[in-house]
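Read through the structure below, which is laid out as structure tokens, and then see the notes.
Keep in mind that what you see is a predicted model, and the values were worked out from it rather than measured. Atoms considered below: every heavy atom in the structure, side chains included; atoms not considered: hydrogens, waters and symmetry mates.
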Amino acid sequence: MIEARVRHAAAVALMAQASTNATLYNAALAEFERAYQLLEGNPRRYLELKNIGDCHLGLGQTDAALDAYRRYLREGGASAENREDIEQRIRQIEDTLGSVEVLT
């Protein structure tokens, strides 16, 4: 639990500096993912998935961000903190996605 807190704090500090720096986003992502792993069995573990999704968004990885946000809602259940915010993020991402059909 202590290591998870340390990794979470390190990731938050990296995110504060990341802005458009992919290296820092990747470093923060690794720390959040490790914190998530370390929190197995903890009922608040799902909260790290928002941070993981935010990192993926910062890296332009919308599919991975959507996956993390959806897992956040699923693992957090009906009482997930910030449910409306996460649902709004999902809608915003989905609104930017499209598809292309190529016929030859």
Side-chain angles (χ1 to χ4, degrees):
M1 185 77 144
I2 292 172
E3 184 182 353
R5 285 186 192 150
V6 169
R7 294 210 179 245
H8 175 86
V12 168
L14 289 164
M15 284 287 287
Q17 301 171 35
S19 184
T20 58
N21 186 325
T23 301
L24 293 178
Y25 272 119
N26 279 313
L29 177 60
E31 293 294 340
F32 283 131
E33 287 176 338
R34 183 64 183 137
Y36 177 79
Q37 291 170 350
L38 291 166
L39 290 169
E40 188 165 349
N42 185 309
R44 298 181 55 80
R45 177 185 192 207
Y46 75 96
L47 293 170
E48 292 298 342
L49 292 168
K50 177 211 171 281
N51 300 316
I52 291 169
D54 292 347
C55 287
H56 283 299
L57 260 188
L59 290 165
Q61 301 167 346
T62 54
D63 287 345
L66 277 174
D67 179 58
Y69 293 144
R70 287 175 179 148
R71 286 176 50 211
Y72 175 98
L73 294 176
R74 199 169 44 251
E75 291 183 24
S79 60
E81 293 179 23
N82 303 313
R83 173 172 281 282
E84 289 179 17
D85 176 53
I86 299 302
E87 289 172 341
Q88 178 64 27
R89 287 174 192 231
I90 290 170
R91 282 191 298 276
Q92 287 173 337
I93 294 169
E94 289 175 337
D95 287 346
T96 65
L97 300 178
S99 61
V100 176
E101 182 177 349
V102 179
L103 302 173
T104 58

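Within 6.0 Å of CD on Glu40 lie no more than 12 heavy atoms contributed by other residues, nucleotides or ligands. Heavy-atom neighbours of Glu94 CD from other residues, nucleotides or ligands within 6.0 Å: above the threshold of 12.
Counting side-chain heavy-atom gaps under 4.5 Å among Ile, Leu, Val, Met, Phe, Trp and Tyr, the cluster of Met1 also holds Leu39. Connectivity analysis of hydrophobic side chains (ILVMFWY, heavy atoms under 4.5 Å, direct or indirect) links Tyr69 to Val12, Met15, Tyr25, Leu29, Phe32, Tyr36, Tyr46, Leu47, Leu49, Ile52, Leu57, Leu59, Leu66, Tyr72, Leu73, Ile86, Ile90, Ile93, Leu97. In the hydrophobic clustering, Leu24 connects to Leu14, either directly or through intervening members, whenever side-chain heavy atoms lie under 4.5 Å apart.
Nearest heavy atom pair, residue Glu3 against residue Arg34, reads OE2-NE, 4.2 Å. Arg83 and Ala78 make their closest contact through NE-O, 3.6 Å (heavy atoms, listed as atom of the first residue, atom of the second, distance). Gly53 approaches Ala65 most closely through the heavy-atom pair O-CB, 3.5 Å.
Looking at Lys50 and Arg89, their side chains come closer than 4.5 Å, going by heavy atoms from C-beta outward. With contacts defined as side-chain heavy-atom distances shorter than 4.5 Å, the pair Asn51/Glu48 qualifies.
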